[in-house]
Amino acid sequence: MGAGGRASIPLEQRKSKGEPLKRVPHEKPPFSLSQVKKAIPPHCFHRSVLHSFSYVIIDLTIVTTLLYIATHYFSNLPHNLSLLAWPLYWVIQGCVLTGIWVIAHECGHHAFSDYHWLDDLVGLVLHSTLLVPYFSWKYSHRRHHSNTGSLDRDEVFVPKKKSAISWFSKYLNNPPGRVLTLTITLTLGWPLYLAFNVSGRPYDRFASHYDPYGPIYSDRERLQIYISDAGVLVVFYGLYKLSLAKGIAWVICVYGVPLLVVNGFLVLITFLQHTHPTLPHYDSSEWDWLRGALSTIDRDYGILNKVLHNITDTHVAHHLFSTMPHYHAMEATKAIIPILGDYYQFDGTPIYKAMWREAKECIYVEPDEDSQNKGVYWYKDKL
């Protein structure tokens, strides 16, 4: 374990749950990235192969144990207990598999080890087993980190200006509409983003993470997109053979439903990291990398912070230093909070409440009418 890597940050060092929402400062920060980095103990940037693999082994052991229990014991349970056991398995397995997804995501940032080839090999295997095209997502996600908070160049969850929101948005701006929107987003949002770039940056032609010749990728990246597609196809073929041997219902129960939980978590986590009433977005006249990286927020998922390897409550530090391994991110977050001051955002609102509030209040972005900074956009909800 990294020093302090598994400890929570006391809420008094962050922002109190009871404090009213206060906007992140949008002016250029009075500190530089190098000053922030100097506040972090140097060992936090050290990547250990053994340390990183320990998390892979632990997660895979839990996944295998849960699978063994489900397939060997659930059928012997009384019917009522079986009806309870399967949903419990789906949720727990989905949470642990999301943790594995986080480790693969770390490989894409070269935060797993000092060896690029090892990071890519581990990331390719882990992401492919979760039907994620590793290199395809690695490259688009890298551009997200390079353009966070930019209305013109960010890759995903780019908020729309009021003039660009759909005509039917006003009909969904009510409780039933929000339930429908959130349900579709959490169940279909991730595969729709990968396949059709839904909620992604607009391109001048069709964009897909599975298309090596799509506008998302450059010529030098195309071979690796093919490799990503091949990895996903291999797993699909394995699932097909498993369905023939065990039945499609068996595959859906042990793998398909937990994968839906993973997909839902990915969308929810990303949505809540970048969507908050206090966070600014910038057009090209105002955007710069540091302010963009700071326009994100840490959240508290309770015990799931540990299960998800703290991707939830150390996201600000991750955007500033994405090659830092997750097991040092909590210590680094503690170290940078005094430097960042009001530029650091944490919201301890329970996740289900935060999800509903953001869906209700963060509909589009516009500059404040009385502001001189017309390139700084804030979330609004008046349709």
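A donor-acceptor contact closer than 3.5 angstrom links the side chains of D120 and Y134. There is no side-chain donor-acceptor pair under 3.5 Å between Y364 and S163. Checked by atom type, the side-chain pair H318/H145 shows a donor-acceptor distance below 3.5 Å. Between the side chains of T296 and H319, no donor N or O sits under 3.5 Å from an acceptor N or O.
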Verdict with reasoning, D154 to H274, per side-chain hydrogen bond (donor to acceptor under 3.5 Å, both in side chains): CA-CA 11 Å; D154 202 352; H274 297 281; 5.5 Å; no

Margin query: Determine whether H326 and N310 satisfy the following criterion, side-chain hydrogen bond (donor to acceptor under 3.5 Å, both in side chains), listing intermediate values before the conclusion.
Written below: CA-CA 7 Å; H326 69 85; N310 295 104; 5.4 Å; no

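Using cut-offs of 30° and 60° on the angle between ring planes, the pair W90 and W86 is tilted. Below 30°, between 30° and 60°, or above 60°: for Y193 and W190 the angle between ring planes is between 30° and 60°, a tilted geometry.
For F135 and H127, the ring centers sit 6.0 Å or farther from each other. You'll find the ring centres of H276 and Y379 outside the 6.0 Å limit. Taking the six-membered ring for Trp, H328 and H43 have ring centres closer than 6.0 Å.
With a 6.0 Å radius and a threshold of 12 heavy atoms from other residues, nucleotides or ligands, K380 has its NZ atom above the threshold. Other residues, nucleotides and ligands place no more than 12 heavy atoms under 6.0 Å from the OH atom of Y237. Atom CG of L77 is surrounded by more than 12 heavy atoms from other residues, nucleotides or ligands within 6.0 Å. Heavy-atom neighbours of Y203 OH from other residues, nucleotides or ligands within 6.0 Å: above the threshold of 12. Surrounding CG of L244 are more than 12 heavy atoms belonging to other residues, nucleotides or ligands, all under 6.0 Å away. In this structure, K374 places its NZ atom where more than 12 heavy-atom neighbours from other residues, nucleotides or ligands lie under 6.0 Å away.
There is a path of hydrophobic side-chain contacts, each under 4.5 Å, that joins V63 to L266.
The cationic atom of K38 (NZ for Lys, CZ for Arg) does not lie both less than 6.0 Å from the six-membered ring centre of F31 and within 45° of the ring axis.
The pair R23-D368 meets the salt-bridge criterion, since a charged nitrogen lies less than 4.0 angstrom from a carboxylate oxygen. Ion pair D347/R357 flagged as a salt bridge, since at least one NZ, NE, NH1 or NH2 atom sits closer than 4.0 Å to an Asp/Glu carboxylate oxygen. Ion pairing of R143 with E221 is present here, as a side-chain N (NZ or NE/NH1/NH2) and a carboxylate O approach within less than 4.0 Å.
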